[in-house]
Amino acid sequence: MIRIRHADESPHEASEINVTPFIDVMLVLLVIFMVTAPLTTVNVPVDLPSSSEKPTPRPDDPVFLTVKADHGLALGEDDITMDGLTAALEAATKGNKDERIFLRADKTVDYGTLMGVMDKLRSTGYLKVALVNLQGQEEGSEASSSNVPAHDVSPSGSAP
């Protein structure tokens, strides 16, 4: 016996998308990225090229501003206060705002204090600031004044 089906009798097919395989693939990719992401942030040792430029010659009478370990300030060898910094700098530079200020800080001074001093320098109009560090010295050893290179930075953190 032959039975003829009508269009309404056919079984209904599901017209929904099965998202389970899609979710499985996304979870696998998530795990892969979670495992590999920390591996991509590791610092790669790079041998950087050296500059052939000679360091900027040190002026005959440099202006050194020092932030001491107790957060006190000294201009040259004279102790000053933060409020007296503007007047002391005016006297030391003879009013020349373009003169470079060599900023030295004890390594125990926190970053916030150093930025406060740099902000004060910027607000008084001294934008040429050189940070002084010891280069080529073992930790804890004394350095002579000839081994004190300066790295020029503006108080906003970018090079002038």
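Scope of the values below: all heavy atoms of this structure, side chains included, with no hydrogens, waters or symmetry mates.
For the residue pair A92 and L75, the shortest heavy atom distance occurs at CB-CD2, 3.8 Å. Taking all atoms of both residues into account, the shortest heavy-atom contact from E99 to D61 is OE2-O, 3.9 Å.
Taking CG of N18 as the start and CD1 of I23 as the end, the distance is 9.0 Å to the nearest 0.5 Å. Atom CD1 of I101 sits about 12.5 Å away from atom CG of L131, to the nearest 0.5 Å. If you take CG on L73 and CD1 on I80, they are separated by 5.0 Å, rounding to the nearest 0.5 Å. In this structure, CE on M115 lies 10.5 Å from CG on L121, to the nearest 0.5 angstrom.
For I17, the side-chain contact (heavy atoms from CB on, under 4.5 Å) partners at least two apart in sequence or on another chain are V19. Under the rule for a side-chain contact (heavy atoms from CB on, under 4.5 Å), the partners of M26 that lie at least two apart in sequence or sit in another chain are F22, L29. With sequence neighbours left out, N96 forms a side-chain hydrogen bond (donor to acceptor under 3.5 Å, both in side chains) with no residue at all. Residues meeting the side-chain hydrogen bond (donor to acceptor under 3.5 Å, both in side chains) test with T81, sequence neighbours left out: none.
Contacts classified as side-chain hydrogen bond (donor to acceptor under 3.5 Å, both in side chains) and involving residues 82-94 (residues at least two apart or in different chains) are given here: E90-K97, T93-Y126.
Put simply, Y111 and V109 are part of the same group of oily side chains (I, L, V, M, F, W, Y) that touch within less than 4.5 Å, one to the next. Both F33 and V25 are members of a single hydrophobic cluster when ILVMFWY side chains are connected at heavy-atom separations under 4.5 Å.
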Donor-acceptor pairs under 3.5 angstrom involving side-chain atoms of residues 65-72: please list them, not counting sequence neighbours.
residue : atom : partner : partner atom : Å
T66     : OG1  : R104    : NE           : 3.2
T66     : OG1  : R104    : NH2          : 3.1
K68     : NZ   : D79     : OD1          : 2.8
K68     : NZ   : D79     : OD2          : 3.4
D70     : OD1  : G72     : N            : 3.0
H71     : ND1  : T113    : OG1          : 3.4
H71     : NE2  : D110    : OD1          : 3.4

